[in-house]
Amino acid sequence: MMSTVEIPAGLKELLQGYTVEVLRRRPPNLAEFAVQHFTRILESQRNDQQDKKPNTESVQKEVTFESDTDEPNKHEEEEEEEEEEYMTPLCSFVCLAAVCAEAYNPDDDEDDDTEPRVVNPKTDEQRRRLQDACRDILLFKTLEQEQFSEVLDAMFEVLVKPQDHIIDQGEDGDNFYVIEKGVYDIFVQKDGVSICVGKYDNKGSFGELALMYNTPRAATIVATQDGALWGLDRATFHRLIVKNNAKKRRMYEAFIECVPLLKSLEVSERMKIVDVLGARAFKDGDRIITQGDKAECFYIVETGEVKIMIKSKTKASQQDNAEVEVARCSRGQYFGELALVTNKPRAATVYAVGETKCLVIDIQAFERLLGPCIDIMKRNISQYEDQLVALFGSSDDLKQ
(Lines give C-alpha, C1' and ligand atoms only; values in the text may rest on other atoms or scores of the structure.)
Protein backbone atom coordinates (compact mmCIF):
# COMPACT_ATOMS: atom_id res chain seq x y z
CA MET A 1 0.00 0.00 0.00
CA MET A 2 1.42 3.36 -1.00
CA SER A 3 2.01 5.67 1.94
CA THR A 4 0.84 9.26 1.68
CA VAL A 5 3.08 12.19 2.42
CA GLU A 6 1.46 15.08 4.20
CA ILE A 7 2.49 18.49 2.83
CA PRO A 8 3.32 20.79 5.76
CA ALA A 9 0.92 23.69 6.19
CA GLY A 10 2.19 26.85 4.56
CA LEU A 11 4.77 25.15 2.31
CA LYS A 12 2.82 25.79 -0.90
CA GLU A 13 2.37 29.50 -0.14
CA LEU A 14 6.02 29.82 0.90
CA LEU A 15 7.33 28.32 -2.34
CA GLN A 16 4.84 30.21 -4.48
CA GLY A 17 5.89 33.47 -2.85
CA TYR A 18 9.52 32.74 -3.63
CA THR A 19 8.69 31.74 -7.23
CA VAL A 20 6.77 34.97 -7.80
CA GLU A 21 9.70 37.02 -6.51
CA VAL A 22 12.12 35.16 -8.80
CA LEU A 23 9.93 35.86 -11.83
CA ARG A 24 9.44 39.43 -10.67
CA ARG A 25 13.07 40.35 -10.05
CA ARG A 26 14.95 37.81 -12.24
CA PRO A 27 17.97 37.57 -9.88
CA PRO A 28 21.25 36.38 -11.42
CA ASN A 29 21.99 34.09 -8.45
CA LEU A 30 18.97 32.05 -7.36
CA ALA A 31 20.66 30.58 -4.29
CA GLU A 32 21.79 33.96 -2.97
CA PHE A 33 18.37 35.43 -3.66
CA ALA A 34 16.68 32.51 -1.84
CA VAL A 35 18.79 33.15 1.27
CA GLN A 36 17.84 36.83 1.26
CA HIS A 37 14.16 36.11 0.56
CA PHE A 38 13.63 33.49 3.27
CA THR A 39 15.73 35.44 5.77
CA ARG A 40 13.32 38.35 5.38
CA ILE A 41 10.35 36.03 5.95
CA LEU A 42 11.99 34.53 9.04
CA GLU A 43 12.70 37.98 10.45
CA SER A 44 9.09 38.93 9.72
CA GLN A 45 7.81 35.93 11.68
CA ARG A 46 10.08 36.73 14.62
CA ASN A 47 8.96 40.35 14.67
CA ASP A 48 5.31 39.28 14.48
CA GLN A 49 5.82 37.15 17.57
CA GLN A 50 7.35 40.09 19.43
CA ASP A 51 4.81 42.64 18.29
CA LYS A 52 1.20 41.50 18.05
CA LYS A 53 -0.03 44.84 16.76
CA PRO A 54 -1.21 44.80 13.13
CA ASN A 55 1.34 46.19 10.75
CA THR A 56 -0.66 48.85 8.87
CA GLU A 57 1.87 51.62 9.09
CA SER A 58 3.38 53.02 5.98
CA VAL A 59 4.06 56.52 4.76
CA GLN A 60 4.15 57.52 1.11
CA LYS A 61 4.09 60.83 -0.71
CA GLU A 62 0.82 60.12 -2.52
CA VAL A 63 -1.14 58.45 0.26
CA THR A 64 -1.77 58.85 4.01
CA PHE A 65 -1.92 55.77 6.20
CA GLU A 66 -3.40 55.31 9.64
CA SER A 67 -1.12 53.83 12.27
CA ASP A 68 -1.03 52.77 15.92
CA THR A 69 2.59 53.85 16.43
CA ASP A 70 4.64 56.89 15.66
CA GLU A 71 7.79 55.27 14.29
CA PRO A 72 8.05 52.26 11.98
CA ASN A 73 10.61 49.71 13.10
CA LYS A 74 13.52 48.77 10.90
CA HIS A 75 11.83 45.62 9.63
CA GLU A 76 8.75 47.56 8.49
CA GLU A 77 10.92 50.02 6.59
CA GLU A 78 12.72 47.17 4.80
CA GLU A 79 9.43 45.53 3.83
CA GLU A 80 8.10 48.87 2.62
CA GLU A 81 11.14 49.35 0.39
CA GLU A 82 10.79 45.81 -1.01
CA GLU A 83 7.18 46.48 -1.98
CA GLU A 84 7.75 49.91 -3.54
CA GLU A 85 9.05 48.63 -6.86
CA TYR A 86 6.05 49.75 -8.88
CA MET A 87 5.28 52.90 -6.88
CA THR A 88 1.71 52.24 -5.77
CA PRO A 89 1.36 52.41 -1.96
CA LEU A 90 -1.18 49.56 -2.04
CA CYS A 91 1.71 47.12 -2.55
CA SER A 92 2.82 47.80 1.04
CA PHE A 93 -0.11 45.78 2.35
CA VAL A 94 0.56 42.56 0.45
CA CYS A 95 2.82 39.97 2.07
CA LEU A 96 5.08 38.27 -0.46
CA ALA A 97 3.95 34.82 0.63
CA ALA A 98 0.34 35.78 -0.06
CA VAL A 99 1.00 36.46 -3.74
CA CYS A 100 0.12 32.94 -4.81
CA ALA A 101 -1.10 33.32 -8.38
CA GLU A 102 1.19 32.80 -11.33
CA ALA A 103 3.05 36.01 -12.20
CA TYR A 104 2.42 37.50 -15.62
CA ASN A 105 5.37 36.74 -17.88
CA PRO A 106 5.52 39.35 -20.67
CA ASP A 107 7.67 37.03 -22.80
CA ASP A 108 4.73 34.62 -23.06
CA ASP A 109 2.70 37.12 -25.11
CA GLU A 110 4.54 36.76 -28.38
CA ASP A 111 1.65 37.95 -30.52
CA ASP A 112 0.26 40.81 -28.46
CA ASP A 113 2.09 43.39 -30.55
CA THR A 114 -0.29 42.52 -33.37
CA GLU A 115 -3.40 43.18 -31.28
CA PRO A 116 -5.50 46.16 -32.40
CA ARG A 117 -4.62 49.43 -30.70
CA VAL A 118 -7.29 50.56 -28.22
CA VAL A 119 -8.47 54.13 -28.76
CA ASN A 120 -11.10 55.81 -26.59
CA PRO A 121 -12.03 59.16 -28.19
CA LYS A 122 -11.53 62.28 -26.07
CA THR A 123 -12.15 65.97 -26.40
CA ASP A 124 -9.20 68.37 -26.27
CA GLU A 125 -10.26 69.35 -22.75
CA GLN A 126 -10.40 65.71 -21.59
CA ARG A 127 -6.98 64.94 -23.04
CA ARG A 128 -5.50 68.00 -21.29
CA ARG A 129 -6.92 66.85 -17.95
CA LEU A 130 -5.66 63.32 -18.58
CA GLN A 131 -2.13 64.53 -19.35
CA ASP A 132 -2.11 66.60 -16.16
CA ALA A 133 -3.25 63.59 -14.10
CA CYS A 134 -0.57 61.33 -15.63
CA ARG A 135 2.32 63.80 -15.42
CA ASP A 136 3.72 62.43 -12.13
CA ILE A 137 2.81 58.75 -12.55
CA LEU A 138 6.20 57.05 -12.41
CA LEU A 139 5.01 53.94 -14.25
CA PHE A 140 4.54 56.13 -17.32
CA LYS A 141 7.73 58.14 -17.08
CA THR A 142 9.93 55.42 -18.52
CA LEU A 143 7.80 54.94 -21.64
CA GLU A 144 8.86 56.19 -25.03
CA GLN A 145 6.78 59.11 -26.29
CA GLU A 146 4.96 56.90 -28.81
CA GLN A 147 4.11 54.37 -26.11
CA PHE A 148 2.92 57.09 -23.75
CA SER A 149 0.67 58.53 -26.47
CA GLU A 150 -0.81 55.07 -26.99
CA VAL A 151 -1.48 54.79 -23.26
CA LEU A 152 -3.28 58.16 -23.29
CA ASP A 153 -5.33 57.07 -26.31
CA ALA A 154 -6.42 53.88 -24.56
CA MET A 155 -7.39 55.42 -21.22
CA PHE A 156 -11.03 56.14 -20.45
CA GLU A 157 -12.70 58.50 -17.97
CA VAL A 158 -14.52 57.13 -14.90
CA LEU A 159 -16.72 59.52 -12.91
CA VAL A 160 -17.42 58.34 -9.36
CA LYS A 161 -19.78 59.25 -6.54
CA PRO A 162 -19.43 58.87 -2.75
CA GLN A 163 -19.35 55.22 -1.60
CA ASP A 164 -18.67 53.88 -5.10
CA HIS A 165 -16.42 50.80 -4.95
CA ILE A 166 -13.68 51.20 -7.56
CA ILE A 167 -12.10 47.82 -6.89
CA ASP A 168 -12.95 45.09 -4.36
CA GLN A 169 -10.46 42.92 -2.52
CA GLY A 170 -10.33 39.37 -3.88
CA GLU A 171 -11.73 40.15 -7.32
CA ASP A 172 -9.79 39.71 -10.56
CA GLY A 173 -7.99 42.79 -11.85
CA ASP A 174 -9.41 44.41 -14.94
CA ASN A 175 -8.10 48.00 -15.03
CA PHE A 176 -5.30 50.22 -13.74
CA TYR A 177 -6.48 53.60 -12.41
CA VAL A 178 -4.96 57.08 -12.28
CA ILE A 179 -6.60 59.63 -9.99
CA GLU A 180 -7.54 62.99 -11.46
CA LYS A 181 -9.50 64.21 -8.42
CA GLY A 182 -11.26 62.91 -5.36
CA VAL A 183 -10.46 61.14 -2.07
CA TYR A 184 -10.44 57.35 -1.92
CA ASP A 185 -10.24 55.15 1.20
CA ILE A 186 -8.19 51.94 1.18
CA PHE A 187 -9.73 48.97 3.03
CA VAL A 188 -8.01 45.65 3.74
CA GLN A 189 -9.74 42.58 5.15
CA LYS A 190 -7.90 41.29 8.23
CA ASP A 191 -9.29 38.40 10.25
CA GLY A 192 -12.70 38.97 8.70
CA VAL A 193 -12.74 42.66 9.62
CA SER A 194 -12.44 45.45 7.05
CA ILE A 195 -9.79 47.94 8.20
CA CYS A 196 -9.24 51.36 6.64
CA VAL A 197 -5.47 51.50 6.24
CA GLY A 198 -5.14 54.76 4.35
CA LYS A 199 -6.39 56.99 1.59
CA TYR A 200 -5.48 58.61 -1.72
CA ASP A 201 -6.00 62.35 -1.69
CA ASN A 202 -6.55 63.84 -5.17
CA LYS A 203 -3.50 62.18 -6.75
CA GLY A 204 -1.78 58.87 -7.25
CA SER A 205 -2.62 55.58 -8.95
CA PHE A 206 -3.66 52.09 -7.96
CA GLY A 207 -4.59 48.67 -9.30
CA GLU A 208 -1.39 47.62 -11.05
CA LEU A 209 -0.42 44.82 -8.66
CA ALA A 210 -3.21 42.47 -9.76
CA LEU A 211 -2.43 43.17 -13.42
CA MET A 212 1.31 42.61 -13.10
CA TYR A 213 1.19 39.35 -11.19
CA ASN A 214 -2.22 37.89 -12.10
CA THR A 215 -3.28 38.13 -8.46
CA PRO A 216 -6.68 39.00 -6.98
CA ARG A 217 -7.18 42.59 -5.87
CA ALA A 218 -5.23 43.18 -2.65
CA ALA A 219 -7.60 45.79 -1.19
CA THR A 220 -10.90 47.57 -1.63
CA ILE A 221 -10.87 51.17 -2.85
CA VAL A 222 -13.95 53.29 -2.02
CA ALA A 223 -14.65 56.87 -3.16
CA THR A 224 -15.56 59.24 -0.32
CA GLN A 225 -16.71 62.12 -2.55
CA ASP A 226 -17.44 62.96 -6.16
CA GLY A 227 -14.32 62.30 -8.18
CA ALA A 228 -12.77 61.41 -11.52
CA LEU A 229 -10.42 58.59 -12.51
CA TRP A 230 -8.77 57.48 -15.72
CA GLY A 231 -8.72 53.74 -16.39
CA LEU A 232 -6.35 51.65 -18.51
CA ASP A 233 -7.46 48.18 -19.59
CA ARG A 234 -5.53 45.06 -18.63
CA ALA A 235 -4.41 44.12 -22.16
CA THR A 236 -2.95 47.54 -22.96
CA PHE A 237 -1.31 47.70 -19.51
CA HIS A 238 0.41 44.35 -20.13
CA ARG A 239 1.47 45.15 -23.67
CA LEU A 240 2.93 48.60 -23.02
CA ILE A 241 3.95 48.90 -19.39
CA VAL A 242 4.82 45.41 -18.15
CA LYS A 243 6.61 44.43 -21.34
CA ASN A 244 8.44 47.76 -21.38
CA ASN A 245 9.76 47.13 -17.86
CA ALA A 246 10.88 43.61 -18.77
CA LYS A 247 12.65 44.88 -21.89
CA LYS A 248 14.40 47.61 -19.90
CA ARG A 249 15.64 45.09 -17.37
CA ARG A 250 17.23 43.01 -20.10
CA MET A 251 18.81 46.12 -21.62
CA TYR A 252 20.17 47.80 -18.52
CA GLU A 253 20.66 45.32 -15.69
CA ALA A 254 24.19 44.37 -16.81
CA PHE A 255 25.16 48.03 -17.24
CA ILE A 256 23.75 49.05 -13.85
CA GLU A 257 25.75 46.31 -12.13
CA CYS A 258 28.92 47.93 -13.52
CA VAL A 259 28.19 51.45 -12.22
CA PRO A 260 30.62 51.97 -9.31
CA LEU A 261 28.18 54.12 -7.31
CA LEU A 262 25.58 51.33 -7.27
CA LYS A 263 27.87 48.43 -6.34
CA SER A 264 26.96 48.90 -2.66
CA LEU A 265 23.30 48.15 -3.43
CA GLU A 266 21.74 44.71 -3.32
CA VAL A 267 20.60 43.08 -6.56
CA SER A 268 16.94 43.77 -5.79
CA GLU A 269 17.70 47.45 -5.15
CA ARG A 270 19.55 47.79 -8.45
CA MET A 271 16.61 46.17 -10.27
CA LYS A 272 14.26 48.76 -8.78
CA ILE A 273 16.49 51.46 -10.24
CA VAL A 274 16.33 49.80 -13.67
CA ASP A 275 12.52 49.91 -13.50
CA VAL A 276 12.45 53.71 -13.11
CA LEU A 277 15.20 54.57 -15.59
CA GLY A 278 14.56 56.81 -18.53
CA ALA A 279 16.97 57.31 -21.45
CA ARG A 280 17.89 60.54 -23.22
CA ALA A 281 20.14 61.02 -26.23
CA PHE A 282 22.15 64.22 -26.81
CA LYS A 283 24.15 65.59 -29.70
CA ASP A 284 27.55 67.24 -29.44
CA GLY A 285 27.24 70.56 -27.59
CA ASP A 286 23.70 69.97 -26.31
CA ARG A 287 23.11 71.54 -22.90
CA ILE A 288 21.91 68.85 -20.49
CA ILE A 289 21.81 70.90 -17.27
CA THR A 290 21.82 74.69 -16.86
CA GLN A 291 23.44 76.36 -13.87
CA GLY A 292 20.84 77.99 -11.63
CA ASP A 293 17.91 75.84 -12.79
CA LYS A 294 15.77 73.79 -10.43
CA ALA A 295 16.95 70.18 -10.08
CA GLU A 296 14.57 67.51 -11.35
CA CYS A 297 16.79 64.62 -12.50
CA PHE A 298 19.90 62.59 -11.76
CA TYR A 299 22.02 61.34 -14.68
CA ILE A 300 24.28 58.35 -15.38
CA VAL A 301 26.37 58.39 -18.56
CA GLU A 302 25.70 55.27 -20.63
CA THR A 303 27.68 56.20 -23.74
CA GLY A 304 29.72 59.24 -24.73
CA GLU A 305 31.00 61.98 -22.44
CA VAL A 306 29.85 65.20 -20.76
CA LYS A 307 31.74 68.25 -19.54
CA ILE A 308 30.79 70.21 -16.43
CA MET A 309 31.17 73.98 -16.63
CA ILE A 310 30.83 76.67 -13.95
CA LYS A 311 30.38 80.41 -14.41
CA SER A 312 32.86 82.30 -12.28
CA LYS A 313 34.53 85.68 -11.88
CA THR A 314 38.23 84.86 -11.74
CA LYS A 315 41.46 86.55 -12.59
CA ALA A 316 42.03 83.87 -15.20
CA SER A 317 38.87 84.81 -17.08
CA GLN A 318 38.80 87.97 -19.15
CA GLN A 319 35.09 88.59 -18.53
CA ASP A 320 32.56 88.12 -15.80
CA ASN A 321 30.60 84.86 -15.74
CA ALA A 322 32.92 83.08 -18.14
CA GLU A 323 32.36 79.32 -18.05
CA VAL A 324 35.26 77.26 -16.78
CA GLU A 325 35.42 73.48 -17.22
CA VAL A 326 35.79 71.74 -13.86
CA ALA A 327 35.21 68.05 -14.68
CA ARG A 328 34.21 65.44 -17.25
CA CYS A 329 32.10 62.30 -16.86
CA SER A 330 32.16 59.21 -19.07
CA ARG A 331 30.48 55.80 -19.16
CA GLY A 332 29.29 54.63 -15.74
CA GLN A 333 29.87 58.01 -14.07
CA TYR A 334 27.05 60.19 -12.78
CA PHE A 335 26.21 63.87 -12.43
CA GLY A 336 23.34 66.08 -11.29
CA GLU A 337 23.29 64.72 -7.75
CA LEU A 338 24.65 67.88 -6.09
CA ALA A 339 21.46 69.93 -6.32
CA LEU A 340 19.32 66.94 -5.33
CA VAL A 341 21.36 66.19 -2.21
CA THR A 342 21.68 69.83 -1.12
CA ASN A 343 18.20 71.00 -2.22
CA LYS A 344 19.76 73.91 -4.11
CA PRO A 345 19.63 75.09 -7.73
CA ARG A 346 21.98 73.51 -10.24
CA ALA A 347 25.55 74.51 -9.42
CA ALA A 348 26.95 73.96 -12.91
CA THR A 349 26.08 73.65 -16.58
CA VAL A 350 26.63 70.30 -18.28
CA TYR A 351 27.21 69.83 -22.03
CA ALA A 352 27.34 66.70 -24.16
CA VAL A 353 30.70 65.97 -25.78
CA GLY A 354 29.97 64.13 -29.00
CA GLU A 355 27.00 61.79 -29.32
CA THR A 356 26.00 61.01 -25.74
CA LYS A 357 23.31 58.90 -24.10
CA CYS A 358 22.36 59.27 -20.44
CA LEU A 359 20.13 57.25 -18.17
CA VAL A 360 17.85 59.51 -16.14
CA ILE A 361 16.24 59.07 -12.72
CA ASP A 362 13.71 61.69 -11.60
CA ILE A 363 13.86 63.35 -8.20
CA GLN A 364 11.11 61.22 -6.62
CA ALA A 365 12.81 57.94 -7.55
CA PHE A 366 16.22 59.39 -6.59
CA GLU A 367 15.02 60.15 -3.06
CA ARG A 368 13.25 56.81 -2.71
CA LEU A 369 15.78 54.40 -4.20
CA LEU A 370 19.23 55.91 -3.81
CA GLY A 371 19.20 56.53 -0.07
CA PRO A 372 21.96 53.93 0.55
CA CYS A 373 24.22 55.82 -1.89
CA ILE A 374 23.77 59.29 -0.37
CA ASP A 375 26.81 59.00 1.92
CA ILE A 376 29.00 58.12 -1.07
CA MET A 377 27.62 61.12 -2.96
CA LYS A 378 28.26 63.43 -0.02
CA ARG A 379 31.89 62.31 0.15
CA ASN A 380 32.25 63.00 -3.57
CA ILE A 381 30.62 66.41 -3.13
CA SER A 382 33.18 67.25 -0.44
CA GLN A 383 35.99 66.35 -2.85
CA TYR A 384 34.27 68.44 -5.53
CA GLU A 385 34.21 71.48 -3.23
CA ASP A 386 37.93 70.99 -2.55
CA GLN A 387 38.55 71.07 -6.29
CA LEU A 388 36.63 74.34 -6.57
CA VAL A 389 38.66 75.89 -3.79
CA ALA A 390 41.85 74.88 -5.59
CA LEU A 391 40.53 76.24 -8.88
CA PHE A 392 38.83 79.45 -7.80
CA GLY A 393 40.17 80.14 -4.34
CA SER A 394 36.71 79.53 -2.80
CA SER A 395 33.63 77.38 -3.24
CA ASP A 396 31.28 80.34 -3.55
CA ASP A 397 30.44 79.31 -7.11
CA LEU A 398 29.09 76.07 -5.78
CA LYS A 399 26.72 77.95 -3.47
CA GLN A 400 25.29 80.30 -6.06
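In this text the structure is predicted, and so the values were computed from the model without any measurement. Both backbone and side-chain heavy atoms feed into the values below; hydrogens, waters and symmetry mates do not.
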Do side-chain atoms of R270 reach the backbone of I256 as a donor and acceptor pair under 3.5 angstrom? no
Determine whether L159 and F156 fall in the same hydrophobic cluster, where Ile, Leu, Val, Met, Phe, Trp and Tyr are linked whenever their side-chain heavy atoms lie under 4.5 Å apart. no
Who are the salt bridge (charged side-chain N to carboxylate O under 4.0 Å, His left out) partners of R328, not counting sequence neighbours? E305, E325
May I ask you to test the V301-C329 pair for a side-chain heavy-atom distance under 4.5 Å? yes
Measure the spacing between CD of E296 and CD1 of I361 and express it to the nearest 0.5 Å. 15.0 Å
Report yes or no: does E257 contribute a side-chain atom to a donor-acceptor pair with the main-chain N or O of A254 at less than 3.5 Å? no
Taking the six-membered ring for Trp and the single ring otherwise, decide whether the centroids of F206 and Y200 are under 6.0 Å apart. yes
Considering only heavy atoms from C-beta outward, does the side chain of F255 approach that of I300 to under 4.5 Å? yes
Evaluate the criterion ring pair (Phe, Tyr, Trp, His ring centres under 6.0 Å) for residue pair F298 and Y334; output intermediate values, then yes/no. CA-CA 8 Å; F298 168 77; Y334 62 91; 5.5 Å; yes
Pair F187-Q169, side-chain contact (heavy atoms from CB on, under 4.5 Å): steps then yes or no: CA-CA 8 Å; F187 292 94; Q169 184 172 351; over 6 Å; no
Flag yes if I137 and L143 sit in one hydrophobic cluster, no otherwise; membership is Ile, Leu, Val, Met, Phe, Trp, Tyr, and two members link when side-chain heavy atoms are under 4.5 Å apart. yes
Between V267 and V274, is there a shared hydrophobic cluster once you connect ILVMFWY residues whose side-chain heavy atoms come closer than 4.5 Å? yes
Does NZ in K181 sit with more than 12 non-hydrogen atoms of other residues, nucleotides or ligands closer than 6.0 Å? no
Look up atom CG in D174 and atom CZ in F237, then write down how far apart they are to the nearest 0.5 Å. 12.5 Å
Shortest non-hydrogen contact from V160 toward A228: CG2-N, 4.3 Å
Sidechain-backbone polar pair: T290 side chain, T349 backbone, donor-acceptor under 3.5 Å: no
Could you tell me whether the side chain of V151 reaches within less than 4.5 Å of the side chain of F140, counting heavy atoms only? yes
Can you hop from Y351 to V326 via hydrophobic side chains spaced under 4.5 Å? no
I'd like to know if K203 pairs up with E180 as an ion pair, taking the criterion as any Lys NZ or Arg NE/NH1/NH2 lying under 4.0 Å from an Asp or Glu carboxylate oxygen. no
Polar side chain donor-acceptor pair, Q333 to Y299, under 3.5 angstrom: no
Compare every heavy atom of I289 with every heavy atom of A348, then report the nearest pair and how far apart it is. O-CG2, 3.4 Å
Could you tell me whether R129 and E125 have a side-chain N and a carboxylate O separated by less than 4.0 Å? yes
Main-chain N/O of L152 paired to K122 side chain as donor or acceptor, under 3.5 Å: yes
Are L130 and M155 packed together at the side-chain level, in the sense that at least one heavy-atom pair is separated by less than 4.5 angstrom? yes
To the closest 0.5 Å, what do you measure between CG (N202) and CD1 (I179)? 8.0 Å
Taking all non-hydrogen atoms of both residues into account, name the closest pair between Q291 and I310 and its distance. OE1-CA, 3.6 Å
Salt-bridge contact R217-E171 (side-chain N to carboxylate O under 4.0 Å): no
Atom pair SG/CD1 of C297 and I288 - distance to nearest 0.5 Å: 11.5 Å
Using a 3.5 Å distance criterion without hydrogens, assess whether the side chain of S149 forms a donor-acceptor pair with backbone atoms of Q147. no
Quick check: closest heavy atoms across G173 and A210, and the distance to 0.1 Å? CA-CB, 4.0 Å
Quick one: salt bridge (charged side-chain N to carboxylate O under 4.0 Å, His left out) partners of D153, sequence neighbours excluded? R117, R127
From Q189 atom CD to D168 atom CG, the distance as rounded to the nearest 0.5 Å: 10.0 Å
State, with a plain yes or no, whether a side-chain heavy atom of R234 is found less than 4.5 Å away from one of F176. no
Hey, does H165 have a side-chain heavy atom less than 4.5 Å from the side chain of T220? yes
Under 3.5 Å: donor-acceptor pair, side chain of N120, backbone of A154: yes
Given side-chain contact (heavy atoms from CB on, under 4.5 Å), test Y177 with I166 step by step and report yes or no. CA-CA 9 Å; Y177 294 97; I166 315 305; 3.9 Å; yes
Any Lys/Arg nitrogen of D124 or R128 sitting under 4.0 Å from an Asp/Glu carboxylate oxygen of the other? no
For residues C358 and F335, determine if any side-chain heavy atom of one lies less than 4.5 Å from a side-chain heavy atom of the other. yes
Exercise: identify the closest heavy-atom pair between F282 and A352: CB-CB, 3.8 Å
How far apart are the C-alpha atoms of F148 and L240, what are their side-chain angles, what is the distance that settles it, and do they pass the side-chain contact (heavy atoms from CB on, under 4.5 Å) test? CA-CA 9 Å; F148 182 56; L240 294 177; over 6 Å; no
Cluster question for you: counting only ILVMFWY and a side-chain heavy-atom cut-off of under 4.5 Å, with indirect links fine, are Y184 and I195 together? yes
Kindly indicate, with the supporting measurements, whether the criterion side-chain contact (heavy atoms from CB on, under 4.5 Å) is fulfilled by D233 and V118. CA-CA 9 Å; D233 67 276; V118 177; 4.1 Å; yes
Roughly how far, to the nearest 0.5 Å, is CG of L211 from CG of D172? 10.5 Å
Minimal heavy-atom distance between E302 and R331, with the atoms involved, is O-NH1, 2.8 Å
Do L229 and V178 make a side-chain contact, defined as non-hydrogen atoms from C-beta onward lying under 4.5 Å apart? no
